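Naming: A, B, ... by sequence-line order, numbering from 1 per chain. Since the structure is predicted, the reported quantities are computational estimates derived from the model, not experimental observations.
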Amino acid sequence: MHSNQLSTMKTTPIQTSAGIFRAHFSERGLAGLDFPDDRTISPARPDDLSAQLRDWLRATKRALKLTLAGKTPKTLPPLDLSTGTEFQQAVWSALRKIPAGQTRSYAEVARAVGRPQGARAVGQACGANPIPVLIPCHRVLAAHGKLGGFSSDPAWKRNLLAREKVGREARQGTGR
DNA sequence: AGTTCGGACCGTT
DNA sequence: AACGGTCCGAACT
(Lines give C-alpha, C1' and ligand atoms only; values in the text may rest on other atoms or scores of the structure.)
Protein backbone atom coordinates (compact mmCIF):
# COMPACT_ATOMS: atom_id res chain seq x y z
CA MET A 1 0.00 0.00 0.00
CA HIS A 2 2.63 2.42 1.06
CA SER A 3 5.37 1.31 -1.31
CA ASN A 4 2.94 1.33 -4.19
CA GLN A 5 2.09 4.93 -3.46
CA LEU A 6 5.71 5.84 -3.71
CA SER A 7 6.04 4.45 -7.18
CA THR A 8 3.20 6.60 -8.48
CA MET A 9 4.56 9.75 -6.92
CA LYS A 10 5.36 12.63 -9.28
CA THR A 11 8.19 14.94 -8.37
CA THR A 12 8.72 18.39 -9.76
CA PRO A 13 11.00 21.34 -8.95
CA ILE A 14 9.69 24.71 -7.82
CA GLN A 15 11.87 27.74 -8.28
CA THR A 16 11.67 30.41 -5.58
CA SER A 17 13.65 33.31 -4.20
CA ALA A 18 15.06 30.89 -1.65
CA GLY A 19 16.17 28.24 -4.11
CA ILE A 20 14.67 25.29 -5.90
CA PHE A 21 12.31 23.22 -3.79
CA ARG A 22 11.02 19.79 -4.80
CA ALA A 23 7.36 18.90 -4.55
CA HIS A 24 6.03 15.34 -4.46
CA PHE A 25 2.48 14.62 -5.54
CA SER A 26 0.52 11.46 -4.94
CA GLU A 27 -2.88 10.68 -6.41
CA ARG A 28 -4.40 12.46 -3.47
CA GLY A 29 -2.44 15.69 -3.55
CA LEU A 30 0.77 17.27 -2.34
CA ALA A 31 2.50 14.65 -0.25
CA GLY A 32 5.97 16.07 0.29
CA LEU A 33 8.11 19.16 -0.02
CA ASP A 34 11.90 19.19 0.08
CA PHE A 35 14.13 22.14 0.84
CA PRO A 36 16.56 23.17 -1.89
CA ASP A 37 19.74 21.09 -2.03
CA ASP A 38 22.42 20.25 -4.55
CA ARG A 39 20.26 17.62 -6.18
CA THR A 40 18.89 18.74 -9.49
CA ILE A 41 15.79 17.53 -11.29
CA SER A 42 14.27 18.56 -14.56
CA PRO A 43 10.72 19.92 -14.64
CA ALA A 44 8.12 17.77 -16.35
CA ARG A 45 6.74 19.02 -19.64
CA PRO A 46 3.31 20.59 -19.12
CA ASP A 47 1.68 18.19 -21.58
CA ASP A 48 3.05 15.34 -19.50
CA LEU A 49 1.01 16.37 -16.52
CA SER A 50 -2.68 15.85 -16.00
CA ALA A 51 -4.83 18.93 -15.71
CA GLN A 52 -5.31 18.12 -12.07
CA LEU A 53 -1.62 17.87 -11.43
CA ARG A 54 -0.95 21.16 -13.20
CA ASP A 55 -3.55 22.75 -10.99
CA TRP A 56 -2.02 21.32 -7.82
CA LEU A 57 1.43 22.38 -8.89
CA ARG A 58 0.28 25.88 -9.61
CA ALA A 59 -1.46 26.10 -6.25
CA THR A 60 1.64 24.79 -4.54
CA LYS A 61 3.90 27.33 -6.24
CA ARG A 62 1.62 30.15 -5.28
CA ALA A 63 1.27 29.07 -1.67
CA LEU A 64 4.98 28.45 -1.30
CA LYS A 65 5.98 31.83 -2.64
CA LEU A 66 3.42 33.61 -0.51
CA THR A 67 4.60 31.87 2.62
CA LEU A 68 8.21 32.61 1.82
CA ALA A 69 7.19 36.25 1.55
CA GLY A 70 5.76 36.09 5.05
CA LYS A 71 2.19 36.12 3.87
CA THR A 72 -0.62 33.64 4.41
CA PRO A 73 -2.01 31.87 1.34
CA LYS A 74 -5.79 31.76 1.29
CA THR A 75 -5.83 28.31 -0.18
CA LEU A 76 -3.48 25.35 -0.35
CA PRO A 77 -3.38 22.46 -2.76
CA PRO A 78 -4.96 19.31 -1.37
CA LEU A 79 -2.52 17.74 1.06
CA ASP A 80 -1.92 14.02 1.25
CA LEU A 81 -0.94 13.40 4.85
CA SER A 82 -1.92 9.76 4.87
CA THR A 83 1.59 8.68 5.80
CA GLY A 84 1.24 10.22 9.24
CA THR A 85 -0.09 8.57 12.35
CA GLU A 86 -3.19 9.85 14.08
CA PHE A 87 -1.09 11.81 16.53
CA GLN A 88 1.16 13.27 13.86
CA GLN A 89 -1.78 14.40 11.79
CA ALA A 90 -3.29 16.05 14.84
CA VAL A 91 -0.04 17.92 15.43
CA TRP A 92 0.28 18.95 11.79
CA SER A 93 -3.26 20.22 11.87
CA ALA A 94 -2.45 22.27 14.95
CA LEU A 95 0.61 23.71 13.25
CA ARG A 96 -1.52 25.04 10.42
CA LYS A 97 -3.48 27.11 12.90
CA ILE A 98 -0.45 29.13 13.97
CA PRO A 99 -0.63 32.46 12.12
CA ALA A 100 2.39 33.73 10.20
CA GLY A 101 4.56 35.92 12.37
CA GLN A 102 3.53 34.09 15.51
CA THR A 103 5.12 31.18 17.34
CA ARG A 104 4.17 28.51 19.85
CA SER A 105 6.24 26.33 22.13
CA TYR A 106 6.29 22.55 21.80
CA ALA A 107 4.44 22.36 25.11
CA GLU A 108 1.74 24.72 23.85
CA VAL A 109 1.20 22.59 20.79
CA ALA A 110 1.09 19.54 23.02
CA ARG A 111 -1.70 21.14 25.01
CA ALA A 112 -3.51 22.09 21.81
CA VAL A 113 -3.71 18.44 20.77
CA GLY A 114 -4.78 17.27 24.20
CA ARG A 115 -1.47 15.72 25.27
CA PRO A 116 -0.24 18.26 27.80
CA GLN A 117 2.78 16.12 28.67
CA GLY A 118 3.69 15.27 25.12
CA ALA A 119 6.03 18.10 24.26
CA ARG A 120 8.77 15.75 23.21
CA ALA A 121 6.45 13.70 21.09
CA VAL A 122 5.35 16.92 19.43
CA GLY A 123 8.96 17.61 18.54
CA GLN A 124 9.13 14.22 16.95
CA ALA A 125 5.96 14.83 14.99
CA CYS A 126 7.30 18.16 13.78
CA GLY A 127 10.38 16.39 12.51
CA ALA A 128 8.16 13.97 10.62
CA ASN A 129 6.32 16.79 8.88
CA PRO A 130 6.48 15.91 5.16
CA ILE A 131 5.49 19.39 3.97
CA PRO A 132 7.62 22.00 5.73
CA VAL A 133 6.99 25.70 5.12
CA LEU A 134 3.38 25.11 4.09
CA ILE A 135 2.85 23.17 7.28
CA PRO A 136 4.74 25.66 9.44
CA CYS A 137 6.74 23.52 11.81
CA HIS A 138 9.25 26.37 11.90
CA ARG A 139 6.81 28.36 14.04
CA VAL A 140 7.31 26.02 16.97
CA LEU A 141 10.10 27.06 19.33
CA ALA A 142 11.48 25.67 22.55
CA ALA A 143 10.31 27.15 25.80
CA HIS A 144 11.31 30.73 26.56
CA GLY A 145 11.80 31.67 22.92
CA LYS A 146 14.84 29.53 22.34
CA LEU A 147 15.03 28.37 18.74
CA GLY A 148 14.81 24.64 19.32
CA GLY A 149 15.75 22.08 16.72
CA PHE A 150 15.02 21.60 13.07
CA SER A 151 15.31 18.45 10.99
CA SER A 152 16.94 20.06 8.00
CA ASP A 153 19.41 22.88 8.46
CA PRO A 154 18.35 25.00 11.48
CA ALA A 155 19.34 27.99 9.38
CA TRP A 156 16.11 27.41 7.50
CA LYS A 157 14.14 27.84 10.68
CA ARG A 158 15.78 31.18 11.31
CA ASN A 159 15.39 32.17 7.71
CA LEU A 160 11.68 31.40 7.59
CA LEU A 161 11.00 33.13 10.89
CA ALA A 162 12.91 36.18 9.74
CA ARG A 163 10.87 36.37 6.54
CA GLU A 164 7.64 36.30 8.52
CA LYS A 165 8.88 38.75 11.08
CA VAL A 166 9.71 41.45 8.57
CA GLY A 167 6.32 40.97 6.96
CA ARG A 168 4.71 41.37 10.35
CA GLU A 169 6.64 44.47 11.31
CA ALA A 170 6.02 46.12 7.99
CA ARG A 171 2.33 45.38 8.39
CA GLN A 172 1.87 46.93 11.82
CA GLY A 173 4.56 49.59 11.97
CA THR A 174 7.24 49.78 14.60
CA GLY A 175 5.77 47.90 17.47
CA ARG A 176 7.93 47.15 20.51
C1' DA B 1 20.79 36.55 34.10
C1' DG B 2 22.82 32.81 31.83
C1' DT B 3 24.41 27.86 31.81
C1' DT B 4 24.51 22.94 33.02
C1' DC B 5 22.54 18.63 34.89
C1' DG B 6 19.23 15.23 35.91
C1' DG B 7 15.04 13.27 35.87
C1' DA B 8 10.37 12.89 33.87
C1' DC B 9 7.22 12.56 29.92
C1' DC B 10 5.40 10.76 25.37
C1' DG B 11 4.93 8.70 20.52
C1' DT B 12 7.63 6.10 17.13
C1' DT B 13 10.66 2.44 15.32
C1' DA C 1 14.50 -0.88 24.57
C1' DA C 2 16.21 3.33 22.72
C1' DC C 3 15.75 7.55 20.62
C1' DG C 4 14.20 12.51 19.88
C1' DG C 5 13.26 19.43 16.93
C1' DT C 6 11.27 18.99 25.18
C1' DC C 7 10.47 20.82 29.87
C1' DC C 8 11.29 22.08 34.53
C1' DG C 9 13.66 22.87 38.70
C1' DA C 10 17.95 23.03 41.16
C1' DA C 11 22.47 24.11 41.46
C1' DC C 12 25.83 26.30 39.87
C1' DT C 13 28.81 30.68 37.55
Side-chain angles (χ1 to χ4, degrees), chain A residues 1-9 11 14 16-24 26 28-39 60 63-73 76-77 79-169 175-176:
Chain A
M1 213 201 237
H2 184 254
S3 53
N4 190 18
Q5 260 183 0
L6 227 127
S7 58
T8 25
M9 200 91 70
T11 299
I14 297 183
T16 75
S17 62
I20 303 176
F21 287 73
R22 276 199 316 276
H24 307 280
S26 72
R28 302 173 62 89
L30 178 65
L33 188 64
D34 300 339
F35 283 103
D37 56 24
D38 42 8
R39 234 197 99 181
T60 302
L64 181 56
K65 289 175 183 176
L66 277 174
T67 308
L68 288 174
K71 300 180 175 183
T72 304
L76 295 182
L79 306 182
D80 180 2
L81 302 176
S82 58
T83 55
T85 66
E86 197 77 12
F87 175 77
Q88 288 169 336
Q89 295 191 27
V91 169
W92 299 339
S93 170
L95 298 187
R96 294 179 56 184
K97 292 177 185 148
I98 308 176
Q102 293 191 27
T103 63
R104 301 285 184 273
S105 72
Y106 293 95
E108 283 173 325
V109 175
R111 265 177 267 159
V113 297
R115 290 276 164 338
Q117 310 288 26
R120 270 197 108 159
V122 166
Q124 254 186 179
C126 287
N129 171 20
I131 310 181
V133 186
L134 264 40
I135 296 178
C137 52
H138 58 278
R139 294 181 192 146
V140 187
L141 308 186
H144 299 36
K146 284 171 318 213
L147 188 63
F150 206 65
S151 299
S152 55
D153 190 349
W156 273 111
K157 194 168 183 174
R158 279 202 168 286
N159 186 327
L160 293 169
L161 288 170
R163 287 169 177 266
E164 297 185 350
K165 185 165 194 186
V166 299
R168 183 182 171 76
E169 282 170 359
R176 231 356 46 162

Euclidean distance, atom CD of residue A:Gln88 to atom P of C:dG5 [Å, nearest integer]:
13 Å
With respect to A:Trp92, which candidate in A:Pro130, A:Cys126, A:Cys137 satisfies the side-chain contact (heavy atoms from CB on, under 4.5 Å) definition?
A:Pro130
Nucleotide opposite B:dA8 in a Watson-Crick or G-U pair, distances under 3.5 Å
C:dT6
Working to the nearest 0.5 angstrom, can you tell me the gap between A:Asp37 CG and A:Arg22 CZ?
4.5 Å
Nearest to the side chain of A:Phe87, heavy atoms from C-beta on, is which of C:dC7, B:dT12, C:dG5?
B:dT12
Salt bridge or not for A:Asp34 and A:Arg39, using N-O below 4.0 Å?
no
Mind checking the P distance from B:dA8 to C:dG5? Whole angstroms is fine.
22 Å
I'd like to know whether the aromatic ring centres of A:Phe150 and A:Trp156 sit less than 6.0 Å apart in this structure.
no
A:Gln124 atom CD is separated from B:dT13 atom P, nearest whole Å, by 8 Å
Return the residues of residues 140-149 of chain A meeting this criterion: a heavy atom under 4.0 Å from some atom of DNA chain C. Order them by number, or give none.
A:Val140, A:Ala142, A:Ala143, A:Gly149
Find the distance between CD (A:Gln124) and CD (A:Gln88) and round it off to the nearest 0.5 Å.
8.0 Å
Any sub-3.5 Å donor-acceptor pair from A:Thr67's side-chain atoms to A:Ala63's backbone N or O?
yes
With a non-hydrogen cut-off below 4.0 angstrom, is A:Ala121 in contact with a base, only sugar-phosphate, or nothing?
base
Given B:dT12, C:dG5, B:dG11, the nucleotide with the shortest approach to the side chain of A:Thr85:
B:dT12
A:Glu164 bridged to A:Lys71 by N-O distance under 4.0 Å
no
Taking CZ from A:Arg104 and C1' from C:dT6, how many angstroms apart are they, rounded to a whole number?
18 Å
In whole Å, what is the span from the CD atom of A:Gln89 to the P atom of B:dT12?
10 Å
To the nearest Å, give me how far apart CG (A:Asp153) and C1' (C:dG5) are.
13 Å
Over how many whole Å does the gap from A:Glu108 atom CD to C:dC8 atom P extend?
10 Å
N or O in side chain of A:Arg120 less than 4.0 angstrom from C:dG5 OP1/OP2:
no
